[in-house]
Number of protein chains: 2
Amino acid sequence: MARAGLTAERVTEAAADLADAIGFENVTVSAVARSFGVRDASLYSHVKNLQDLRERVTLLAAGEVADRIAAAVAGRSGKEAMTAFANAYRAYALAHPGRYAAYQTPLDPAVAARSAAYVRNVELTYAMLRAYDLDEPHLTDAGRLLRSTFHGYVTLELNGGFSHSREVRASWDSALDGLHFLLQHWPGRPSD
Amino acid sequence: MARAGLTAERVTEAAADLADAIGFENVTVSAVARSFGVRDASLYSHVKNLQDLRERVTLLAAGEVADRIAAAVAGRSGKEAMTAFANAYRAYALAHPGRYAAYQTPLDPAVAARSAAYVRNVELTYAMLRAYDLDEPHLTDAGRLLRSTFHGYVTLELNGGFSHSREVRASWDSALDGLHFLLQHWPGRPSD
DNA sequence: GCACAAACCTAGGGCTCCTAGGTAACGGTT
DNA sequence: AACCGTTACCTAGGAGCCCTAGGTTTGTGC
């Protein structure tokens, strides 16, 4: 019985690819095992259980998102950085719907806190917002609004929640324009 | 063998209650059957399969959301209507996380198009936006932005995605202020 | 070549989904 | 009250998934 050369990392990557192909909710230990031509029981040498496997995919996706966004915003600031951030976020979700769903899956807070990727995503958001010169609590409020809008938009889009009456990309661009304007004129912030 | 008096409606309601209690993803035909003290196979007299059951819960939730929002915005307009709409939306999600998850589950477009509740939710949104006097395509863009933000915010909140550094309700109120301001000054719209 | 660790497998139990056919309950009619 | 037809329930069973335990085989180091 030749060994398939599995590792936890390879198993995770395969699960992530499978998630993009068939949906994160359909990723099973059995399906991943089949993709390697081994029996399901063999995977437990590499991952603890299905939950462990799912968490690994989630953390993998968080890292990929952070990489994508970091690369997109590098050397940019102001509106350019904000739109680059947002477009990288959406592009990732559209290209990797299964990974994106994993990224959005609730993770044990202790696990998330220890994840460099999650921390990095927060830092990237605050760095991007720096150009808007917002103090607390406006800074946190604005960050949450952006995250909510990006996530909500992309999720609705992926779920087919927008009719065909208007080009989805056009509404997205319009939303980014609106958000930029709003960040510049954040209500309750002391006037310039 | 006394009959449990099941109907498709009762089964659906039980599934929805179970979703709120244990999470929509954990609702199974078996679990619902157990809640009635019958065997799993007995449910197939009332629902076609698990997918049918899930779709029924989704449609039930869509109707409840519409009812909640309609009641909240009745007799209101302008900012008051928008915040009432948003607050009703969020309150429903927080009170019924499982039902809300069902509501957000992708539904066959043909099924959704025939659902009075989904149509009604769209109408409620456009009625609410009437006060902002937006023409197309700004009207659709604005509607999508609002839906995205509400959904995104609530989902992140339910998934524990916000740290405790700032009161979640305060950020929500701030977001609604910002959205109201933005709707009044929608970029690209002809000046008043 | 040998010893050891562990990656693989089989076996099996528990759970879920769902179909098919049998039995019993229910409602309507006489 | 009895009878009949319908169907809501049940049992039985097969397929699939999750996961544990123990056996076998593979790969590595000496």
Side-chain angles (χ1 to χ4, degrees), chain A residues 1-61 98-99 101-102 105-108 111, chain B residues 1-61 98-99 101-102 105-108 111:
Chain A
M1 175 52 59
R3 294 186 176 186
L6 304 183
T7 63
E9 290 70 36
R10 290 191 64 210
V11 170
T12 304
E13 190 87 35
D17 291 342
L18 208 48
D20 284 340
I22 65 173
F24 186 50
E25 70 283 356
N26 296 319
V27 173
T28 61
V29 172
S30 307
V32 176
R34 277 194 297 272
S35 78
F36 283 113
V38 300
R39 313 309 293 259
D40 59 326
S42 306
L43 285 211
Y44 296 97
S45 297
H46 307 281
V47 295
K48 185 169 188 305
N49 50 34
L50 180 58
Q51 180 178 342
D52 180 37
L53 179 61
R54 295 175 63 88
E55 281 176 359
R56 288 172 180 273
V57 176
T58 298
L59 292 172
L60 173 74
R99 279 167 155 88
T105 301
L107 200 53
D108 183 295
V111 177
Chain B
M1 172 55 57
R3 294 187 175 186
L6 304 182
T7 62
E9 290 70 35
R10 289 191 65 209
V11 171
T12 304
E13 190 88 33
D17 290 344
L18 209 47
D20 284 340
I22 66 174
F24 186 50
E25 72 282 355
N26 295 319
V27 174
T28 60
V29 172
S30 307
V32 176
R34 276 193 299 271
S35 78
F36 283 113
V38 300
R39 314 307 294 261
D40 59 327
S42 305
L43 286 212
Y44 296 97
S45 297
H46 307 281
V47 294
K48 184 167 189 305
N49 51 35
L50 179 58
Q51 181 178 342
D52 179 39
L53 179 60
R54 295 175 64 89
E55 281 175 1
R56 288 171 180 274
V57 176
T58 299
L59 293 172
L60 173 74
R99 281 166 152 89
T105 301
L107 200 54
D108 183 295
V111 176

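Given the structure is predicted, the values throughout are model-derived calculations rather than measurements. Letters A, B, ... are given to chains in the order of the sequence lines, protein chains preceding strands, and every chain is numbered from 1.
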| request: Take the protein atom CD1 of B:I22 and the nucleotide atom C1' of C:dC15, then report the distance between them rounded to whole Å. | output: 14 Å
| field | Nearest atoms (heavy-atom pairs only) where B:R99 meets B:D17 | value | NH1-OD1, 3.0 Å
| Think B:S30 has a side-chain N or O under 4.0 angstrom from the OP1 or OP2 of C:dC15? | no
| task | Name the nucleic acid region contacted by B:S45, choosing base, sugar-phosphate or nothing; use a 4.0 angstrom heavy-atom cut-off, strictly under. | result | base
| task | Take the protein atom CG of B:L50 and the nucleotide atom P of D:dG16, then report the distance between them rounded to whole Å. | result | 17 Å
| remark: So CZ of B:R34 and OG1 of B:T28: to nearest 0.5 Å the spacing works out to 5.5 Å
| query | Given C:dT10, D:dC19, C:dC8, which nucleotide is nearest the side-chain atoms of A:R39? | reply | C:dT10
| message | Heavy atoms only, 4.0 Å cut-off, all strands: where does A:A31 land among base, sugar-phosphate and nothing? | response | nothing
| Is any N or O donor-acceptor pair between the side chain of A:D40 and the base of D:dC19 shorter than 3.5 Å? | yes
| query | Does a nitrogen or oxygen in the side chain of A:H46 sit under 4.0 Å from OP1 or OP2 of C:dA6? | reply | no
| message | Nearest whole Å is fine: how far is D:dC18 P from A:K48 NZ? | response | 15 Å
| request: Rounded off to whole Å, could you give me the CG-to-C1' distance for the A:L43 and C:dA6 pair? | output: 15 Å
| message | If I take atom CD from residue A:E9 and atom CZ from residue A:R56, how far apart are they, to the nearest 0.5 angstrom? | response | 6.5 Å
| remark: Out of D:dT20, C:dT16, D:dC9, minimum distance to the side chain of A:A41 belongs to D:dT20
| query | So which one's nearest nucleotide on DNA chain C is more toward 5', B:N49 or A:T7? | reply | A:T7
| Residue pair B:L60 / B:A16: nearest heavy atoms and the distance that separates them | CD2-CB, 3.5 Å
| query | Where the side chain of B:Y44 is concerned, which of D:dC18, C:dT19, C:dC8 is the nearest nucleotide? | reply | C:dT19
| field | A:A102 backbone acceptor or donor facing A:T58 side chain under 3.5 Å | value | yes
| request: Give a yes or no on whether a donor-acceptor pair under 3.5 Å exists between the nucleobase atoms of D:dT7, that is its base, and the side chain of B:R3. | output: yes
| Tell me: CZ of A:R54 to C1' of D:dC17, nearest whole Å? | 14 Å
| request: Grab the CZ-P distance between A:F36 and C:dC9 for me, whole Å please. | output: 13 Å
